[in-house]
Structure formats: structure tokens, C-alpha cells
Amino acid sequence: MTTYDAGDVTLEKVRDFVWEIPKQGDMRVPARVFASEALLEEISDDKTLEQLRNATQLPGITKYAICMPDGHQGYGFPVGGVGAMDARNGCLSPGAVGYDINCGVRMMTTSLTYDDVRGREQELVDALFANVPSGLGGGGIFEGTIGDVEAILADGVEWALRNDWAVTEDLEHCEDEGKRPDADPSAISQKAKDRGKNQVGSLGSGNHFLEVQRVTDIYDDGVAAEYGLEPDRLVVLIHCGSRGLGHQTCNDYLRRIEKTHAGMLDRLPDKELAAAPAGSQLAEEYYGAMCAAINFAWVNRQLIMHRTRQVFEQVFDRDWRDMEMHLLYDVAHNIAKKEHHQVGVDADGEVVTDDEHAVEYETRELYVHRKGATRAFPAGHEEVPSAYRAVGQPVIIPGSMGAGSYVLSGGERSLHETFGSTAHGAGRLMSRTQAKNEYWGGDVRTDLREQNQVYVKAQSGATVAEEAPGVYKDVDEVVRVSDALGIGDRVARTFPVCNIKG
DNA sequence: ATGTAC
């Protein structure tokens with residue numbers, strides 16, 4: 001058997017791109033890493049694998065704990081981690097959702113081509129920067145009352161539709177039509193609502209951005225046509241989350257769960273994995289609060305997208321409908337969701353890790369935690385919007401300002417291997433602090449401009465340094481693994497034209 | 001990620 005020795009943790013090779021930490025000691029299930037050896041190398045000397053192994057001790061975790069090819073260490077649970085916990089006797093863990101609840105990306109297609117913008121990149125990036133708020137702290141496209149925030153939390157993109165920040169087709173091209181019905185605004189603290197009320201329609205900082213891109217490569221003509229992607233077309237990629245409101249909500253519930261469920265926490269190997277037992281009052285409250293923060297993030301991305309339509313109208317002096325500025329899809333990167341999945345079981349009724357060993361299948365209701373992972377449901381799945389049901393849901397994977405990004409489609413194997421999930425990005429290679437020692441923002445900006453014709457405008461040079469192309473893993477390799485595994489299939493590739501960020 | 005720390 002081939003093994004991979006990563007210090008404290010030894011992995012066994014199951015097959016190409018599939019590695020397992022076998023169940024041992026206090027682990028409830030095995031752990032699996034979906035990666036090439038080159039990507040494994042990147043996580044062999046940090047806490048990623050230890051965190052993944054710890055996650056297997058969470059109550060009700062089903063089949064195995066999963067690390068995606070772009071995985072890296074996070075708060076308690078790896079970024080790039082997927083954990084499916086039984087909804088009857090399992091748990092919900094805020095650390096396995098992430099601080100930035102419903103951090104995610106959406107892509108808007110257009111009928112414009114690269115030629116339409118060449119020579120006018122600076123004008124476009126300036127107009128976007130002036131009209132889309134970014135950076136730390138307050139200032140949003142919409143600033144309202146606590147009552148407005150509560151309506152946003154309850155209704156998601158429906159609120160945006162009511163207030164002329166959306167059209168009906170936007171809802172049809174978003175997971176859950178942009179509204180989690182289980183949202184409970186009363187489960188969000190006053191403090192979180194206060195932080196959110198002047199941040200509706202704002203990018204934030206860190207790795208969040210708005211980028212105009214051009215389609216450079218098509219790998220699947222049929223699916224690309226269904227998605228409205230053609231070579232040379234301009235698209236817009238928006239990456240942001242739930243800002244201070246989601247962060248505050250995660251923090252509020254971590255503290256409450258640590259106190260209320262201290263007994264469960266004592267039996268876990270890391271305090272950062274704090275979890276509320278399924279069915280408990282606090283699990284219900286957290287789920288309601290998380291769903292509300294998810295709605296907030298969807299509205300955030302919706303307002304930024306709609307404002308982008310208005311900016312394009314100014315710059316190109318055409319109606320946005322005439323420029324065919326349609327939402328392709330919005331994907332969540334940090335969420336938990338109650339989903340039904342088929343799991344293979346053996347003759348004793350125990351869940352098997354490889355479906356070929358199953359004697360039958362059972363349907364389980366699971367809280368699927370995806371933290372830095374994308375839902376990737378395949379063709380035919382009833383939760384894929386009807387526009388994409390024949391080809392699978394779009395999966396959008398941002399790379400870096402120097403490497404570009406990918407559009408994939410949900411793969412046929414995803415439900416068997418990863419509870420219908422794939423990677424969410426390139427994954428960081430180095431910390432933000434390390435990045436600022438390695439790079440100078442001004443130089444990164446100049447290099448991108450001169451070598452790649454990419455126009456970057458940011459509130460802070462430090463942010464550009466932190467997001468230099470060199471701080472990211474090879475997104476090509478991440479996508480190659482996803483495609484080879486059949487969990488998310490390559491459809492198209494894009495390259496940046498201009499980028500605004502915090 | 002984040003009014004970049006309780």
C-alpha cells in the first residue's frame with residue numbers, strides 16, 4: 001500500500017487523488033483528503049491534517065471527514081473541509097461553517113467582448129471603485145434601519161426584488177432562489193444587526209473583490225453554451241460575504257455554545273470545534289441565525305451586482321439588458337445545510353466509505369457543513385435550478401489575479417465522494433503576515449498592469465500584497481484534481497481585466 | 001474573514 005507521511009499524520013492512498021487517514025483512537029470515522037501529491041505537500045507541515053482528524057470526533061459525523069484539494073488550516077476545522085453530521089443525533093458546529101457565513105462568489109455574464117473594454121480599463125476600474133464600497137468598516141450601497149436589516153435577514157434576495165435591486169431571473173439563478181426559508185432574524189443579536197445595517201452592498205477586505213474578466217478557454221462547448229459563456233466575452237466575478245454581521249453571529253454562537261455545551265466540548269480535541277447537539281435549543285437558534293446571515297450575504301452580493309450593471313450603463317452608455325448582463329450563478333462557500341443524501345451501508349447497517357462495498361443504500365438527513373467548499377450537484381439533481389438541471393450546477397472557482405479563475409459544472413461522482421461538493425478556490429500558500437513580508441502592494445500592482453494588462457485598484461496597498469498571485473496555490477492543479485475525480489468538471493477559464501478590492 | 005484583541 002502506498003502511504004504518505006506528513007509528520008504526525010500518515011495517509012493511505014485509496015486510489016489516484018484519494019487519501020485516507022484510517023479510523024483509529026477516538027476517531028468516529030476515517031478522514032479523506034482529495035488531492036494530488038503536489039497539493040498534499042502544501043498541507044503536510046501545518047495544522048490542516050490534524051484539524052481534519054480532529055473533525056472526525058464531532059458527534060454524528062457520517063462516512064468520513066473531507067478535505068478538498070485547496071484545503072488549508074482554519075479556525076478549528078480546515079478551510080476546504082466538508083463534514084456531514086446526522087441531523088437527528090449529530091451536531092452543528094459554527095467553526096465548521098466559518099466566521100464569514102455565506103462568503104461566496106457569483107458570476108455575471110455579458111455580451112461584451114474584450115475589445116469593447118480595451119483602452120478603457122482604467123475608466124472602468126475607476127468607475128467601479130467609486131461606486132462599489134470596499135474596505136474595512138462601514139459604508140454600503142444601501143444603509144437602512146434595523147427594521148430593514150431584519151427584512152433582509154428574513155427574505156434575502158426577495159427583499160432586493162421588492163426594492164428594485166434585482167429582477168426575477170436573478171432569483172432563479174441563485175441557490176435556494178436567494179432565500180433560506182429557515183432564517184430566524186430574532187436569533188441574530190442586536191450587535192450583529194448594528195454592524196450590518198450600514199454594510200449592505202459592500203465588498204469588505206481581505207480576499208474579497210470585484211473583478212471584470214474575459215473568457216479565455218472553453219473546455220466543454222455544450223455546457224459553456226448552457227451557461228452563456230463564449231471565448232472573449234466579458235464576465236464579472238464578485239467575491240464577498242456577510243461582513244461584520246456574519247462575523248459577529250459566528251462569534252456570538254461560539255461563545256454561547258462553549259458555555260451551554262461545555263460537556264460536549266470537553267470530549268472534543270479542540271475548543272475551536274465547539275458544537276451544539278442536533279435538536280438542542282441552541283442548535284435550532286444557530287441554524288436560524290446562520291440561515292439569516294446567509295440571506296444577508298446573498299443580498300450583499302446582489303446589490304453589488306446590480307450596482308455593477310448601473311456602472312456598466314454609465315461607462316458603455318447602453319442599457320444593461322442590452323449588454324445581456326445576466327447572473328450565471330451564485331455559490332456559497334461557507335454554509336451548513338440540511339440535505340438528504342444516500343449513504344451506502346454494509347450488512348450490519350454501518351455506513352461504508354466506498355460505495356462499492358455497500359449492500360444497500362439508506363437516505364440520511366444531514367447537516368452538510370461546507371467551509372471553503374462549493375456545492376457541486378450533478379445533472380438531474382432536483383435542487384439544481386431548472387436552467388442548469390440538464391448539465392449540472394455551475395461551480396465558480398476564483399484563482400488569483402495572476403492565474404485567473406474557472407467555471408466548472410457539478411460532477412457525476414460528487415454525491416458519492418463528497419456529499420455533492422468540490423473545491424472553492426486556489427487556497428492560500430502563506431499567511432497574510434508572511435505575504436506582506438514577501439511583497440509590496442505597489443510593485444504587485446505595477447507587475448500585473450505591465451505584464452498581464454490587469455488593472456487593480458484597492459483601498460490599501462497591504463491588501464494587494466496579501467493577495468499577490470504568489471500567495472496562492474496552483475489553481476490549475478486544484479481544478480485538475482476536481483475534474484479527474486469527477487466531482488466538478490472543467491467548463492471554462494477566465495482571466496482578469498480589472499479588479500477592485502479592499 | 002473581522003470596527004485585524006477580552
Side-chain angles (χ1 to χ4, degrees), chain A residues 47-48 51 70-81 93-106 133-140 143 146 149 188-210 238-256 258-259 271-272 274 289-290 293-294 296-298 300-301 304 331-336 369-374 398 400 424-437 441 458-467 471-472 501-502:
Chain A
K47 288 169 72 176
T48 313
Q51 290 183 336
D70 56 333
H72 58 91
Q73 68 181 48
Y75 179 89
F77 192 93
V79 176
S93 175
V97 170
Y99 262 91
D100 190 1
I101 297 166
N102 193 11
C103 175
V105 293
R106 61 169 56 193
S134 64
L136 282 174
E143 299 191 11
I146 293 289
V149 173
I188 300 272
S189 69
Q190 201 61 33
K191 191 174 177 184
K193 288 170 186 167
D194 275 333
R195 288 183 69 175
K197 74 179 192 299
N198 62 350
Q199 297 186 324
V200 185
S202 67
L203 280 173
S205 185
N207 62 351
H208 291 164
F209 62 81
L210 183 154
I238 294 161
H239 180 196
C240 61
S242 49
R243 302 295 326 277
L245 182 141
H247 188 271
Q248 186 65 46
T249 300
C250 180
N251 210 42
D252 289 342
Y253 280 91
L254 282 170
R255 299 295 90 83
R256 289 180 64 193
E258 284 163 5
K259 277 190 194 160
K271 173 175 170 291
E272 295 181 356
M290 182 200 62
I294 287 171
F296 184 90
W298 273 328
N300 191 26
R301 290 196 285 276
I304 292 169
V331 298
H333 286 163
N334 279 11
I335 53 102
H369 297 65
R370 296 189 183 91
K371 177 187 185 182
T374 311
S400 74
H424 85 308
R428 290 194 82 84
L429 270 178
M430 62 180 85
S431 70
R432 298 189 170 278
T433 312
Q434 201 182 339
K436 279 181 282 196
N437 290 329
Q459 299 283 356
S460 147
T463 307
V464 181
E466 291 170 5
E467 296 301 312
V471 315
Y472 283 102
K501 56 173 67 270

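In what follows, chains carry the letters A, B, and so on, assigned in the order in which the sequence lines appear, proteins first and then strands, with residues in each chain numbered from 1. Since the model is a prediction, treat every value here as computed from it, not as a measurement.
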* Chi angles and distances behind the side-chain contact (heavy atoms from CB on, under 4.5 Å) call for A:Asn102, A:Ser242 -> CA-CA 6 Å; A:Asn102 193 11; A:Ser242 49; 5.6 Å; no

* Asked: With sugar-phosphate meaning primed atoms plus P, OP1 and OP2, does A:Gln199 contact a base, only sugar-phosphate, or nothing at under 4.0 Å between heavy atoms?
  -> sugar-phosphate

* **Pairwise salt bridge (Lys or Arg N to Asp or Glu O under 4.0 Å) hits with a residue in residues 458-467 of chain A, at least two apart** => A:Arg428-A:Glu467, A:Arg432-A:Glu466, A:Arg432-A:Glu467, A:Lys436-A:Glu466

* Over how many whole Å does the gap from A:Glu466 atom CD to B:dT4 atom P extend? -> 14 Å

* To do: Provide, to the nearest angstrom, the distance between the NZ atom belonging to A:Lys271 and the C1' atom belonging to B:dC6.
  => 11 Å

* Could you give the CD-to-P distance, from A:Glu258 to B:dC6, as a whole number of Å? -> 12 Å

* Structure fact -> With sequence neighbours left out, the residues meeting side-chain contact (heavy atoms from CB on, under 4.5 Å) with A:Ala458 are A:Val464, A:Lys501

Could you pull out all donor-acceptor pairs under 3.5 Å where a side-chain atom in residues 71-80 of chain A meets a protein atom, sequence neighbours excluded?
from, atom 1, to, atom 2, distance (Å)
A:Gln73, OE1, A:Lys47, N, 2.8

* To do: Whole angstrom is fine here: how far is it from CG in A:Asn102 over to C1' in B:dT2?
  => 16 Å

* Tell me: NE2 of A:His208 to C1' of B:dT4, nearest whole Å? -> 14 Å

* Separation of atom CG in A:Asp194 from atom P in B:dT2, rounded to whole Å -> 18 Å

* When all nucleic acid strands are considered with a 4.0 Å heavy-atom cut-off, which category describes A:Gly241: base, sugar-phosphate, or nothing? -> nothing

* To do: For A:Ser242, answer base if it contacts any base atom (sugar-phosphate contacts may also be present), sugar-phosphate if it contacts only those atoms, and nothing otherwise; contact means non-hydrogen atoms under 4.0 Å.
  => nothing

* Structure fact -> Judged by nearest nucleotide, the residue sitting upstream toward the 5' end of DNA chain B, A:Asn251 or A:Arg243, is A:Arg243

* Results of side-chain contact (heavy atoms from CB on, under 4.5 Å) for A:Gln248 - residues two or more places apart only -> A:Ser189, A:Lys191, A:Ala192, A:Arg195, A:Asp252

* When all nucleic acid strands are considered with a 4.0 Å heavy-atom cut-off, which category describes A:Lys191: base, sugar-phosphate, or nothing? -> base

* How long is the line joining CG of A:Asn300 and P of B:dT2, in whole Å? -> 10 Å

* **Residues forming a side-chain contact (heavy atoms from CB on, under 4.5 Å) with A:Cys103, sequence neighbours excluded** => A:Asp100, A:His208, A:His239, A:Asn334

* Asked: Near DNA chain B, which residues from residues 425-432 of chain A have a heavy atom under 4.0 Å away?
  -> A:Arg432

* Structure fact -> Atom OH of A:Tyr75 and atom C1' of B:dT4 are separated, to the nearest Å, by 15 Å

* Asked: Do side-chain atoms of A:Asn300 reach the backbone of A:Ser202 as a donor and acceptor pair under 3.5 angstrom?
  -> yes

